[in-house]
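Structure record follows, encoded as structure tokens.
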Amino acid sequence: MQQEFPVMKVVVLGAGVIGITTAYELARAGHEVTVLDRQPGPALETSFANAGEVSPGYSAPWAAPGIPLKALKWAFQRHAPLVVGLAPDPVKLAWMARMLANCNAAAYARNKSRMVRLAEYSRDRLIALRAETGIRYDERMQGTLQVFRSDKQVEAAAKDIAVLRADGVAFEVLDRAGCLAAEPGLAGAADRIAGGLRLPGDETGDCFKFTAALAPLAASKGVTLRYGVAVTRLIAEAGRVTGVLTSDGPLAADAVVVALGSHSPRAVAPLGLRLPVYPVKGYSLTMPIRDESRAPVSTVMDETYKVAITRLGDRIRVGGLAEIAGFDLSLRKSRRATLEKSVGEMFVGGGDAATAQFWCGLRPMTPDGTPVVGPTPVAGLWLNTGHGTLGWTMAAGSARLLADQMSGRATDIAAADLGYARYLRHGGTGRRAPVPAAA
């Protein structure tokens, strides 16, 4: 029988969906857990109003063949899916260079395969967690439909279909009629649809509602939730993390989990770690449904604008786009216009965009798309960060995976290529690099 680690006093930094699910799984494994977050409650930053998808099959890196050319074309488009800020930033340029190095077929296939592996596992863990707790969060289990507006987009989907097939992910290739059968609300957009790719195993749900409901369940298992507490720095002695210094004073720990999203690099940099996570801003609109018959059933991905349109209870969440512009959290009207254009063209008259809540958040993205889940070269320091657009999709699986690693248990899926070690192998020592400065 495998020997498990002793019970540890663990501090989890961050109360987003990643931090709270991690705390829940660690407490479930028997550890003494404290969660620290600067906000007054859980899921009030990046996890607050994301697109709402739990989509393992659409787990794919932004770094893909053809992206550099597409990015150049998007630079001259009004409703571009990707915008790169012009302000000089050496950290941004270094991160983009590493991302571009992954824009080839071999890297894309490797990165997508491991992302799908973690995401599929995470979806299964979410199903198990839902059964275990009865948690509710406007969840739906009716798949995701990627809509193509051109024959060229249909043809380009072949590389994704090949990976889905290789990884055993169920999918359906649909013509226009098939898309309308899956999502009747698209009837008003029939002339714009060339075809679609549907993943029946995908789910949807409100990430904020999930996290806010899971936090008290974690507390019932003994997790201490400390909100409104800023983390000043990690405390390390003789190459081992021994706690954290906070706005309320020092807090001792046997292990620390950094789940601070885009702020993770800044937290670990003083210990010499080079963590290639950069903030990529995304936007969302949340609007009431105006006409049920014209609203989405589940999630529709508008491939042209890289926008997801999701049904959340009596609301429609429209989320997507990407801006590489550091920690800028300004709400740009031009980006709202793109979201409104996408939902207005796909689900004509389905939602009331005029009363929609406009929001943005910073997705913590790695250059290869895969999150960083696992140990670091610093004893007692663990990472669960860098999930990019897929934090909600990968949260439950990443949390269980890390809890198993920290508890000395065998993991259910391969984990070696998901951790920080991959940057040590391919990027030198992984130390003493500049990190993005938070706003």
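Ion pairing between a basic and an acidic side chain is recognised when a charged N comes within 4.0 Å of a carboxylate O; Arg136 and Glu139 show such pairing. Salt bridge present: Asp206 and Arg315 bring a charged side-chain N and a carboxylate O closer than 4.0 Å. Salt bridge present: Arg149 and Asp302 bring a charged side-chain N and a carboxylate O closer than 4.0 Å. Between Arg110 and Asp368 there is no salt bridge, since none of the side-chain N atoms of the basic residue sits less than 4.0 Å from a carboxylate O of the acidic one.
Residues Gln153 and Glu303 have side chains that never bring a donor and an acceptor to within less than 3.5 angstrom of each other. At a cut-off of 3.5 Å, with distance as the only test, a side-chain donor of Thr355 or Asp352 sits close to an acceptor on the other residue.
Taking OG from Ser122 and CG from Leu129, the interatomic distance works out to 10.0 Å, rounded to the nearest 0.5 Å.
Under the 6.0 Å distance and 45° angle rule, Arg294 does not count as a cation-pi partner of Phe347. A cation-pi arrangement is absent between Lys92 and Tyr278 under the rule of less than 6.0 angstrom and at most 45 degrees off the ring axis.
Taking both residues in full, the closest heavy atoms of Gln405 and Ala415 are given as NE2-CB, 3.7 Å, listed atom of the first, atom of the second, then distance. Thr144 approaches Ser55 most closely through the heavy-atom pair OG1-OG, 3.3 Å. The minimum heavy-atom distance linking Val54 with Pro56 is given by the pair O-CD, 3.3 Å.
In this structure a side-chain-to-backbone donor-acceptor pair under 3.5 Å is missing from Gln146 to Arg198. Formation of a donor-acceptor pair under 3.5 Å by the Ser398 side chain with backbone atoms of Ala395 is not found in this model.
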Can I get a per-line list of side-chain donor-acceptor pairs under 3.5 Å for residues 218-229, giving both atom names and the distance, sequence neighbours left out?
| from | atom 1 | to | atom 2 | distance (Å) |
| --- | --- | --- | --- | --- |
| Ser220 | OG | Leu217 | O | 2.5 |
| Arg226 | NH2 | Asp248 | OD2 | 3.2 |

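For Phe210, the ring pair (Phe, Tyr, Trp, His ring centres under 6.0 Å) partners at least two apart in sequence or on another chain are Tyr137, Trp392. Considering only residues two or more places apart in sequence or on other chains, Thr393 meets the side chain to side chain donor-acceptor pair (under 3.5 Å) condition with none of them.
Annotation for Leu72: atom CG counts as buried by contact number, over 12 foreign heavy atoms lying within 6.0 Å.
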